[in-house]
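Step one of this worksheet: look at the structure below.
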Amino acid sequence: MGIPASSRRGALPNAPELPAHGWSTDETLERLEALRATDVRWKEGRAFSLAYLATPAAHELATEAYRRFSGENALNVEAFPSLRAMQSDVLAIASRWLAAPESARGFFTSGGTESILMAVKSARGQFRAAGITQPNMVLPTSAHAAFHKAAAYFDVELRLVPVCSETWHADPQAMAKASDANTILFVASAPQYPQGVVDPVADIAAIAAERGVNCHVDACMGGVTLPYLQRLGVPLPAWNFVVDGVTSMSVDLHKFGYTAKGASVIMYRNAELRSHQGFVTDNWLGGMYGSSGALGTKSGGPIAAAWAVLHHLGDDGYEALTRSARDTTLAIAAAINADSRLVLRATPDATLLSFGAATPELNIYAVADGLAARGWYVDRQAPPPSIHLTVNAIHAQTHHEFLADLAATLEGVSGAGSATGAGSASSAGTYGTLE
Ligand SMILES: Cc1ncc(COP(=O)(O)O)c(C=O)c1O
């Protein structure tokens with residue numbers, strides 16, 4: 001018997017309801033698979049955003065490790081020492097990528113957004129203790145939207161500074177001018193998402209250090225890739241803890257670490273900085289409660305998957321994957337440069353790039369629509385109107401087809417009048433659950 005109609009308050013007449021009798025495993029899985037029928041085919045390299053694939057074997061391993069630890073809870077690692085051990089191994093590996101000093105301490109988090117939220121919360125806590133009650137942070141307009149979220153959540157004023165018009169780099173001098181005695185944090189990205197360039201971290205960190213405040217480097221995208229690019233001889237500015245004034249960094253494992261979703265690291269230069277992140281209370285009826293980050297209950301799934309994938313791919317695996325993603329990025333960038341209808345926004349420093357229309361006659365969002373019709377998922381961004389590609393290892397297999405489809409799409413949409421075509425920008429982060 002289902003729930004009586006009189007109790008189904010607020011439900012629309014045709015709204016789905018809990019089945020009166022549970023479905024079998026097979027039927028449930030069949031229905032789950034049916035639900036994904038129109039999802040982008042990311043495992044086939046059709047998504048230049050949101051999803052990453054190193055190898056089918058690494059993906060299967062992540063899925064299996066996740067399955068085995070999905071019910072374990074990292075809220076209390078006293079009960080699950082396995083999760084303590086895995087997190088500490090992962091942090092040790094990440095700290096080498098970031099060239100963190102021995103004094104560095106971090107936490108495993110659920111993603112780039114949580115890592116950034118925590119860096120801002122920690123800075124706020126640290127400087128509140130020093131008497132700053134109306135804090136602000138200074139960041140380039142290219143810094144990720146998660147900093148805007150942090151500003152809103154933690155009531156830290158956001159001081160946005162335009163990037164350099166030619167290069168898209170953060171402008172350190174303009175950032176210095178935007179700061180004042182209430183500035184607690186400067187932000188740089190390695191690389192920034194929109195155009196894929198690495199900010200002048202050393203200059204920004206020097207300004208922060210001179211003022212005795214924090215500098216966070218958002219390496220959510222580049223934290224795994226940049227160390228290998230450096231090893232491969234790609235010229236890059238200093239971007240990590242090698243720079244003295246850098247006080248914290250974020251690196252996402254669920255991006256170019258190629259592990260399951262829900263995996264990032266926030267790393268602080270020392271334990272004192274990290275001490276402002278956690279939350280503890282005993283002022284309720286449930287006794288002592290503490291948690292390291294934004295989450296309470298924290299699945300062991302992403303932690304086990306990250307531990308497994310990192311060890312499975314290994315140092316040589318990440319080097320090969322980075323080389324492959326980088327070569328593909330450069331091949332796509334060269335094709336865009338060679339097409340007079342398109343303009344590459346910046347020479348990519350890592351494995352992210354964006355491009356727009358070279359003339360007003362071409363609507364770049366109509367190009368994105370054409371690519372979508374051919375089964376490709378790309379991000380649309382503005383300003384200026386652009387297509388964004390996050391290139392990862394899987395695209396080595398698919399970029400020739402992508403470029404052929406891009407050329408065919410351009411033939412179709414570059415006629416007169418397309419600037420008023422159907423294409424429109426859409427945010428990469430539309431709400432997932434509320435309609
Ligand atoms: C540079 C950068 N920082 C932070 C984030 C946020 O990461 P997440 O979506 O894992 O919260 C992203 C996401 O694309 C990013 O590109």
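Reckoned from all heavy atoms, side chains included, excluding hydrogens, waters and symmetry mates. Residues: numbered from 1 along the sequence shown. Note that ligands are numbered from 1 as they come in the structure, with each ligand's atoms numbered from 1 the same way.
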(request) State the atoms of ligand 1, each with its element, that fall below the 4.0 Å cut-off from a heavy-atom position in Asp252. (result) 7 (O), 10 (O)
(message) Applying a heavy-atom cut-off of 4.0 Å, say which part of Lys255 lies close to ligand 1: side chain, backbone, both or neither.
(response) side chain
(request) Keeping the roles fixed (side chain from Ser179, backbone from Ala176), state whether a donor-acceptor pair exists under 3.5 Å. (result) yes
(message) Heavy-atom distances under 4.0 Å decide this one: backbone, side chain, both or neither, for Asp218 against ligand 1?
(response) side chain
(request) Just say parallel, tilted or perpendicular for the rings of Trp97 and Tyr318, cut-offs at 30° and 60°. (result) perpendicular
(request) Answer with side chain, backbone, both or neither: which part of His254 has a heavy atom less than 4.0 angstrom from an atom of ligand 1? (result) side chain
(message) For Lys298, is there any backbone N or O sitting under 3.5 Å from a side-chain donor or acceptor partner on Asn73?
(response) yes
(request) Measure the acute angle between the ring planes of Phe48 and Phe402, then classify it against the limits of 30° and 60° as parallel, tilted or perpendicular. (result) tilted
(request) Answer with side chain, backbone, both or neither: which part of Cys220 has a heavy atom less than 4.0 angstrom from an atom of ligand 1? (result) side chain
(request) Check ligand 1 against Thr113 and write out every atom of the ligand that is under 4.0 Å from a heavy-atom position of the residue. (result) 6 (C), 7 (O), 8 (P), 11 (O)
(request) Decide whether an N or O pair under 3.5 Å exists between Ala146 and ligand 1. (result) no
(request) State which residue, out of Val367, Leu389, Leu406, fulfils the side-chain contact (heavy atoms from CB on, under 4.5 Å) condition with Val378. (result) Leu389
(request) Would you confirm whether Asp349, through its side chain, and Val198, through its main-chain N or O, come within 3.5 Å as a donor-acceptor pair? (result) yes
(message) Between Arg67 and Glu60, does any side-chain N to carboxylate O distance fall below 4.0 Å?
(response) no
(message) Using a 4.0 Å cut-off to any heavy atom of Tyr193, which atoms of ligand 1 qualify?
(response) 16 (O)
(message) With heavy-atom distances below 4.0 Å as the criterion, list the atoms of ligand 1 near His144.
(response) 2 (C), 3 (N), 4 (C), 5 (C), 6 (C), 12 (C), 13 (C), 14 (O), 15 (C), 16 (O)
